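Quantities reported herein were computed from a predicted structural model and do not represent experimental measurements. Per chain, numbering begins at 1; letters A, B, ... match sequence-line order.
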Amino acid sequence: MRSEPMIERPGRASELDILASAVVRADADQLGRLRASPGPRFGELPSGNALKLADEQTVAGLSAVLHAIAHSGFDWRPGSFHDWGVLAAPQFLGRSTFLSAFERFSAEGAWGVSPHIVPHRSLHSVSGMISLVLQAHGPNFGVGGGPLAADEAFLAVAAIGSGEHGATTPLWLVLTQPAPHGRPGQCHAIAMALSASQPGSPYPRLRVRPSRSTWSASSALAHPCFQLETFGEVLESPTSAGAEMAWRLACGGWLEYCFRGDSRKPADTEERVRPSRSSAQLAEVGT
Amino acid sequence: MSVRPAVWITGVGAATPLGNDYARIAEALLNGRSAVGRVSRFDVREHPSQIAAQLDTIPCPSGWNPAAFSRYSRIEQLAIWCCSAALRDAGWWDRRETARIGLVLGVGSEWMLAWEEDSLRGGQRARHPEEDTESLVQFLRRTLGIGGPVLSLSAACASGNCAIAQARRWIELGWVDACLAGGCDLAVTPMSLAGFGNLRALSRRNDNPQAASRPFDVERDGFVMGEGGTVFVLESAASARNRDASPYAHVAGCGASSDAHHMVIPSPDPKPAIACMRQALADAGVAPGDVGYINAHATGTPVGDTGEARVIQGVFGEWAKKVPVSSTKSMTGHLLTAAAALEALACIIALHRQALPPTINLDHPDPECDLCHVANQAMERRTRVAASNSFGFGGSNTTLVLKAVA
C-alpha cells in the first residue's frame, strides 16, 4: 500500500497570475481556415508551408495564443515576448497523420514517409512553433502528450514560473487536445499568459501545490480530477465561477484557481474581453 | 532570499548501445569505441540511411519476472530498467514507497512509437483512442511504486537537460525527497529512420558505419541515429549526506533558451544559444575559465556543428582554444530525446575518471569549428566543472553544468 507522505511534508506552492487567456474550439473546417489566418495579426507568421504542415493542435494552440494577446488589454507588440518561455501540452499529437503515414509507408516503403512528420508531430512541435511566431527566446518544450497532458503541464509550469532563485520566467502555457467525443479534426485549445504572482495583483491566480491546502482538502470530494473542458469553462465565465476552485492532478499534486471578480481588471478591459458564449464551435475569451 | 539548496546526482541507471551500466559505458567511451552498425532489427535496404547505434537487448531487472517483463513494450522495458537501476544505485529502491520519489522523463514521440510498434505487429491501436489510457510515466509510477509527481517532456534532443532542471526545481520547492530524471528513446524504427532519412538529416555512409558519425570533421554528412536511455536520481545534498549516499556530481547550473528561428534548422544567429550557455554558467557560479570539459551537442550535421562552435567561441572567447571539447555522439550515435541524459553521464564520467571521452572519426577537423578538440583518444585531465550542450528541433537550446563534489 502506498503511503501519502506528501500531505505530511508539503512543499512550497507555486503561484502564477493569469495575465491573459483564451479558449478555442474548432472543427475541421474552421481549422482549415485558421491555418491561413490563425488569429488576430501579431508579428510575422512563419514563411512558407510551416502552418500548412503543422498539426491541428498546433494551429488551435497558436490561435488561442493570438486571441489571448488580442483581447488581453495589454499593449503587447512584437518583441514583447522576447524573454518568455512556451510550454505546450498536446494530447495524442499526430494520430490521424500517423494512420495515413503508416498506410503510405506500407504501400511505398521508406521513401513514402514524409520528412515533415518528425518536426511537426513530436511532443515539442506545438511549443516550438508558438515560440517561433512570438519570437519568444525563453525555454520552450512540450509536456505530457498523453491522457494527463494538462495535469503534467501544470507541474512543469509550477517549477519554471515559481519566482524564486531567479526562476521568474513569464511564459505561455498552451493546452490542446482533440475534442472529446468529437468528430476527427476537432480541437480544443487553451492558452494562458502566466507570470509569477505579485502581491495584490488583480489577475486570476493559479496555485500549484504538491498537497492539498486546508480549504481544498475540506472540499476535495467536490473537486474531482482536472478536466480541460471544465477548466476552459471556468476561464470563459470568470464572473459567474468566482471564488476558488481546486482540482486533483492525477500525476501528483493539486491545482487551485483563485479569482476575485471585483478586482481583476479595469472595467473597460473587462468589457472588451467579456466571453462570447454564443459561438457554438469557435469561442474565444480573454480573462 | 533563501539559500538555494545544492542538488546532487546520487544514482545512475542506463541502457545504451555501449553498455547497460556505468562501468561498461565509461570503459567504452574512454576507449573511443563506436556502437554504430548496420541496422539489423528490420529491413533497411530501401532506406537512405541504413545505420544506427542500436539497443538490442534490454536487460530484465533483478527481482522482476522475466516472462512478465518481456510482455512490456520496449520503451516500457527500457524505462523500467533505467529507473530501477538508478533507484538501486542511489540506495532508494527499498524505501521508494515511503519516500516522495518524483519522475521527470524526456521522451519525445511516445505515442507515435507505440502506434508504430503496434501497427507493425498488425494491430489497430492508433484507430482506437480509447485504448490509449496510460502514459509511460503513469505506467512507471504504478509499476515502480513511486508516489511523487511525474511528468514527461520533450525539448527534442535537449529533453534530458530540461528533465534534470525540472527535477532540481521540484527538489528546491520541497515537492520530492528525490527525483528520477533523464531520457529514454527508441527511435530506430522503420518509419522514424525513414522520416529522418528523408529529411536528409542522417549520414548515408552506409558502407562504413563506424566511421559515419563524425562531428566537427570536414567530411561529416549528417548524424547517425542511436537509442537507449539514461536516468539519474537527484536529491538535495543534505538528504544525500544524511543517507551517507555517494554523489556522482553536483547539478550546479542549468540554462535554456529558444532560437525562435525555424522548426528544424539551427539559427545562424548564435546569440540565443550563447545566452543559454551564459545562463547556465552564471547559475552554477562559474566563469568560463573554470570549465574543464564541454560535451558538445555536435551531431555531425554540417550546419549544426559550425553553429555550435560559434556559440562556444562566443561564450568562452580566448578560452575556447583551451577548454577541451568533444562530442560523444561520434560513438553513441544521436539518441534524440535521450541524448542529453547520456551526455550528462559522459560529463560525470569525465569528472570521476579525470579523463575526457573523445570525438572519434575526427580525422580532419573543420576549420570552421576551431576548438580544443579531444580528437580520437581520451585525454587525461583534472576536471572539476563540466558543461554539456544539448540543442533540439523546435529551436531549444539547453546547457547543463555539473561540478565534482568535494
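Closest non-hydrogen pair, Pro139(A) versus Ala256(B), comes out as CB-CB, 3.8 Å. Taking every heavy atom of both residues into account, Phe92(A) and Trp115(B) meet most closely at O-CH2, 3.9 Å. Across all non-hydrogen atoms, the minimal contact from Ser154(B) to His124(A) is OG-ND1, 2.9 Å. Pairing each heavy atom of Gly252(A) with each of Arg141(B), the nearest pair is CA-NH2, 3.7 Å. Considering every non-hydrogen atom in both Ala194(B) and Ala110(A), the closest pair reads CB-O, 3.5 Å. Annotation for Arg12(A) and Glu172(B): closest pair NH2-O, 3.2 Å, computed over non-hydrogen atoms.
Contacts with chain B were tallied for Ala149(A), Gly109(A), Ala136(A); Ala136(A) has the most, counting heavy-atom pairs under 4.5 Å. For the set Gly108(B), Pro272(B), Pro129(B), the entry with the most heavy-atom pairs within less than 4.5 Å of chain A is Pro129(B). For the set Ala250(A), Gly85(A), Ser127(A), the entry with the most heavy-atom pairs within less than 4.5 Å of chain B is Ala250(A). Note: Asn198(B) leads Val137(B), Asn198(B), Thr133(B) in heavy-atom pairs under 4.5 Å with chain A. Contact count against chain A (heavy-atom pairs under 4.5 Å) is highest for Ser119(B) among Ser119(B), Ala155(B), Cys162(B), Pro190(B). Residue with the most contacts toward chain A among Asp132(B), Val264(B), Leu103(B): Asp132(B) (heavy-atom pairs, distance under 4.5 Å). Here Gln166(B) is the residue among Gln166(B), His262(B), Glu46(B) with the most heavy-atom pairs under 4.5 Å with chain A.
For a residue to count as touching a neighbouring chain, one of its non-hydrogen atoms must lie under 4.5 Å from one of that chain's; by this rule Val44(B) does not touch chain A. Contact annotation for Leu120(B): both backbone and side-chain heavy atoms come within less than 4.5 Å of a heavy atom of chain A. Using a 4.5 Å cut-off between heavy atoms, Ser114(A) contacts chain B through its backbone alone, with no side-chain atom that close. When heavy atoms are compared at a cutoff of 4.5 Å, Val143(A) approaches chain B by way of both its backbone and its side chain. Looking at Leu93(A), only its backbone comes within 4.5 Å of chain B, counting heavy atoms on both sides. For Trp111(B), the part sitting under 4.5 Å from any heavy atom of chain A is the side chain, from C-beta outward, and nothing else. With a 4.5 angstrom heavy-atom cutoff, Gln279(B) does not touch chain A via any of its atoms. Of the atoms belonging to Asp259(B), it is backbone heavy atoms, and not side-chain ones, that fall under 4.5 Å from chain A. For a residue to count as touching a neighbouring chain, one of its non-hydrogen atoms must lie under 4.5 Å from one of that chain's; by this rule Ser109(B) touches chain A with the side chain only. Phe102(A) touches chain B through backbone and side chain together, each having a heavy atom under 4.5 Å away. Contacts between Ala101(A) and chain B at a heavy-atom distance below 4.5 Å involve backbone atoms as well as side-chain atoms. Heavy-atom distances place the backbone of His261(B), and not its side chain, under 4.5 Å from chain A.
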- Mind running side chain to side chain contact (heavy atoms under 4.5 Å, CB included) on Ile117(A) and Met112(B) for me, showing each step along the way? CA-CA 10 Å; Ile117(A) 291 178; Met112(B) 283 276 191; 4.2 Å; yes
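Atom-to-atom distance recorded for Asn161(B):CG and Phe141(A):CZ is 12.0 Å, nearest 0.5 angstrom. Here the CG-OG distance, from Leu134(A) to Ser258(B), works out to 10.5 Å after rounding to the nearest 0.5 Å. Note that OG1 of Thr58(A) is 6.5 Å distant from CE of Met263(B), once rounded to the nearest 0.5 Å. A distance of 6.0 Å separates CG in Leu123(A) from OG in Ser152(B), rounded to the nearest 0.5 Å.
Annotation: Glu108(A), atom CD; neighbour count of heavy atoms from other residues, nucleotides and ligands within 6.0 Å is above 12. In the displayed structure, Arg41(A) atom CZ is contacted under 6.0 Å by at most 12 heavy atoms of other residues, nucleotides or ligands.
At least one side-chain heavy atom of Trp175(B) sits less than 4.5 Å from a side-chain heavy atom of Val208(A). Between Ser135(B) and Glu152(A), the closest side-chain pair of non-hydrogen atoms falls below 4.5 Å. With a 4.5 Å cut-off on side-chain heavy atoms, His47(B) and Trp111(A) do not count as touching. Residues Trp170(B) and Leu155(A) meet the side-chain proximity criterion, which asks for heavy atoms closer than 4.5 Å.
Using a cutoff of 4.0 Å between basic side-chain nitrogens and carboxylate oxygens, Arg127(B) and Glu103(A) are scored as salt-bridged.
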